[in-house]
Amino acid sequence: MTEVAGAQELGKEQLLDAYRTMRTIREFEERLHVEFATGEIPGFVHLYAGEEAIAAGVMAHLDADDYIASTHRGHGHAIAKGCDVKGMMKEIYGKADGLCHGKGGSMHIADLDKGMLGANGIVGGGPPLVCGVGLSAKVRGTNQVAVSFTGDGGSNQGTTLESMNLAAVWDLPVVFVIENNGYAEATSTNFSTKGLDIAKRADGFGIPGVVVDGHDFFAVYEAAGEAIRRAREGGGPSLIECKVNRYYGHFEGDAQTYRAPNEVENIRQEKDCLMLFRQRVTSAGLVEDGELDRIDEEVKQLIDESVEEGKASPEPGEEYLLTDVYVSY
Amino acid sequence: MARRITYMQAINEALRQEMERDESVVVFGEDNVGGTGAPGEDDAWGGVMGVTKGLYPHFPDRVIDTPISESAFIGAAAGAACSGLRPVAELMFVDFFGVCMDQIYNQAAKFRYMFGGKAVTPMVIRTMYGAGIRAAAQHSQSLYPIFTHIPGLKVVVPSNPYDAKGLMIASIRDDDPVIFFENKVLYTMEGEVPEEPYEIPLGEAEYVREGDDVTIVAIGRMVSMAEQAAEALSGEGIECEIVDPRTTSPLDEETIFESVENTGRLVVVDEANPRCSLATDIAARVAENCFDDLKAAPKMVTAPHTPPPFSPTLEDLYVPDPERVAAAVREVTGAGARA
Amino acid sequence: MSETQQLSKLGMPKWGLSMTEGTLIEWLIEEGTEVSQGDEVVEVESEKINNVVEAPTSGVLRRRVAKEGEVIPVGGMLGVIADPSVPDEEVDAYVEEFQSTFVPEQEEAGGPEPASVEVNGRNIQYLEMGEGGVPLVLIPGYGGDINIWVFNQEVLSAERAVYAVDLPGHGGSSKDAGDGDLDFFVEVLAGFLDSQGIEKAHLAGHSMGGAVAAAFAMAHPDRVASATLIASAGLGEEINADYIEGFIAANRRKEMKNVLGLLFADPDLVTRQLVNDVLQYKRKDGVDEALRTIADKVFPDGKQAGVPDVADISVPVLAIWGDKDEIVPVEHTGNLPDHARIEVIEGKGHSVQMEAAGKVNRLVSGFLAEQD
């Protein structure tokens, strides 16, 4: 019998939900990888494949009215926070029925009703925003928590460091999650971030900071649980650094010549989060393979439909150009 | 007669009344309390110039000091605005926008459009602008044109206490991000201000003075420069009409055009640097829309294209004054005028 | 001094507390024209509306001293009226002497200022001028305030104490308009009279203020010496609903100028200042709600509601109307009791007390004198 950290507090339904979330993200991203290559998807897409355990592990603790701020690599966060998958796909195709009526696109997918403050095209854009949400929760006396996701690149932005300090001095119900996938665009963390773990920076702000394996849903789940509980109970902010890998380039079309040969293949074989999750829950006898297989099939169908509908969905009419903003001239 | 208070008191009163009316209004910025965590008095400063003084004792949970971290707390204003508050954040001097502009123009300004109308961002950024107190190059600029350029932002530049109060209340109640420019020289200006809360709609210019010979469009502190010039020119038989846009975004072009159609002449007085400014913008819009009514080429009176200098002698030369306004008016009414 | 009888200054009038100067718009008569006291001589732009200055005495307009377009301080000389027998040199000397010694009144010189009193839990703003006699209480109409009496109050206060009152929801009074119906306003008015220790007063109301005066006179005939109903509501069902709804809806200068234009036979009389003053009032918190509440009670569905049988009014009544009234039809005077005196002024609109201030003042003054 294998030890499964954190699994005790997760019921079977929750385990299946977590798996479905991760599988949905994976299928969504793998499919985008294929579809982007056809040239039908405009602009940039930054894929989250490989990092699913982080989104699923954190979001498992968040309620519908909690908020997250995301990054340009935001599809996974949006799916895990409950954004409509088909609406997301339509948005990525730039269509009128997309989540943002085709005015945001992949880098700005947002749904405030779901507590998703948006993917963000600016590296380090999210941390200040969640400070505001945390302040809002505190002033209004709600129980809400806000989580920002930032990459290793964003961890070096002044906004992130300023926000950790602000959250600490304002004692806000905020969690900073650093997704350290080893590369800021093409620049290695080994170059851009000297010395210790990014999580150690928490010490400088007087807040707790931990490092977890971002491939391991249960490790993320446990660390996030503690940080989010602390935030909700008035214990202030925390920092969680998740060490992880991305399966694709910075964006689609990135030849990734800066990476080692077989780097991704090896990670896929040894540390894939879906694989690890399946091994653990089935070997612990918590879930059967067939149940997970069924989810795989359902998710595949959902993504097939999403792509189909995304392509068939109408373009935004000219009138969309001038709505949702004050326009003079 | 009606009560008279200063421009600064008018802003303070607007903040207090809105905080009383609406519990979602919060005020924060560097030293907005100005004593938090220190051994002495709470509310010691109430803002570096004292604009928020006296709010903290009334609303101790909603007037908050910040570390000197503009990008964090201006960004926090955007996040708070998206999640149920109406923050009024203070960017002490607008010259500091360089350290937090991303939060303003890439985040707050864009949410509503970029998210397909699903977000509202009801936040106000209060900020000081303008030369005149010998504060030198990094504390004296008039940078409202930069913000006026950005879609999604509203930009307010009040010229007197009455407008300051009504525009602040309207700004707080507005669902878009508003950049509220306070002129530091005008803080001590007195004027009649009703005690009751009231709104002045964003995007409505005011006729400050009526006249048939020249339209002077003047912004912020330049309104009083224009008024002094107009008073002097009236003695020479030149009657100036002064239009104060009050907000540069939205800009009430209709009123400006209406006035120019009547006078046929335009002088724009703008304390900002001359290139890509409100002066160039208004002159261009008038040229494009009122060309047939114009009897002379529009004239711009602005600061020179230099940083604000420190030396009092130089600074006084830098800011447009009534003499320069009057000279421009004489020029458009005199030689070179078309039939 | 016989000189003053022969030579009279035509001066810039002071229309309202804040007026310090006025612009001469147009001379209505040539130099050398014979005038009678009360004739319209010159048009002046004040802060509220453009208005005419009447001849203070009979004689000949000997000099047009101020030019069209010129800004003259209050009390400054516009022209000279004198007997034709006075030699030109004497007229010139009179002008010269005046101009060399005239000092405009300082703005600070404290005239009467509006005061406030609490009535039934609401703050009521009022302006008191003059003293003695049976007091006169001026009641503005829907959306109006004490400033609508700017051309009347000071003149009428020469003979008695005159109070102008802002109704709840209006002017400087509390914006809570209670039930917003006539009964409510009657109650407030009674409370106001009590607060000033006034047992009995003459009432004069404009438009909806007239309806309040009429309703008050029927409810408390013992407290009313007379009722002057100017372009009064409350006498019939008809009302110009476009004005009421337009007034509520207007939030921009252009809209408001058009709406206010309906009050005058000559809509060009409306100044930007009047438009701004009304907008400043309308933009205060609670005003739109108060106006809505009152309109729904007093003018529901485009008609006046609960019009009493005014034929029963027992106190002396003077009704004054402009025949060009676009808001309340002049025909409503037909519903008044037989003892009512009815005066219709030609060529003037709803705000006849502003548009024909001199005539209205003389009518009211004469009528009140008869009642005392």
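Worth saying up front: this structure is predicted, and the values here are computed from it rather than measured. Sequence lines set the chain letters: A, B, ... in the order given, protein chains first and strands last, and positions in each chain run from 1.
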Chain A contact via [X] - side chain, backbone, both or neither, heavy atoms under 4.5 Å:
| X | answer |
| --- | --- |
| B:Asp61 | backbone |
| B:Arg112 | both |
| B:Lys110 | neither |

Using side-chain heavy atoms (C-beta onward) and a distance below 4.5 Å, is [X] in contact with [Y]?
| X | Y | answer |
| --- | --- | --- |
| A:Leu129 | B:Phe111 | yes |
| A:Trp170 | B:Thr66 | yes |
| B:Cys82 | A:Leu117 | yes |
| A:Pro128 | B:Phe73 | no |
| B:Leu85 | A:Ser136 | yes |
| B:Met114 | A:His108 | yes |

Which one, B:Gly117, B:Ala76, B:Ala77, leads in non-hydrogen pairs under 4.5 Å with chain A? B:Ala76
Name the option with the most non-hydrogen atom pairs under 4.5 Å to chain A; the candidates are B:Ala78, B:Gly84, B:Gly152. B:Gly84
Provide the closest heavy-atom pair for [X] versus [Y] in the form atom of the first, atom of the second, distance.
| X | Y | result |
| --- | --- | --- |
| A:Tyr326 | B:Leu251 | OH-N, 3.9 Å |
| A:Leu112 | B:Ala119 | CD2-CB, 3.8 Å |
| B:Phe28 | A:Leu135 | CE2-CD2, 3.4 Å |
| A:Leu321 | B:Tyr113 | O-OH, 2.8 Å |
| B:Ser71 | A:Glu162 | OG-OE1, 2.9 Å |

Heavy-atom contact with chain B under 4.5 Å, split by part of [X]:
| X | result |
| --- | --- |
| A:Thr323 | backbone |
| A:Leu99 | both |
| A:Val325 | both |
| A:Val139 | side chain |

Per-residue contacts, residues 61-76 of chain A versus chain B, heavy atoms under 4.5 Å: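 Against chain B, the residues of residues 61-76 of chain A that fall inside the cut-off (heavy atoms, under 4.5 Å) are A:Tyr67.
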When B:Ser83 is tested against each of A:Val130, A:Thr142, A:Val133 for side-chain contact (heavy atoms from CB on, under 4.5 Å), which residue passes?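 Between B:Ser83 and the candidates, side-chain contact (heavy atoms from CB on, under 4.5 Å) is satisfied uniquely by A:Val133.
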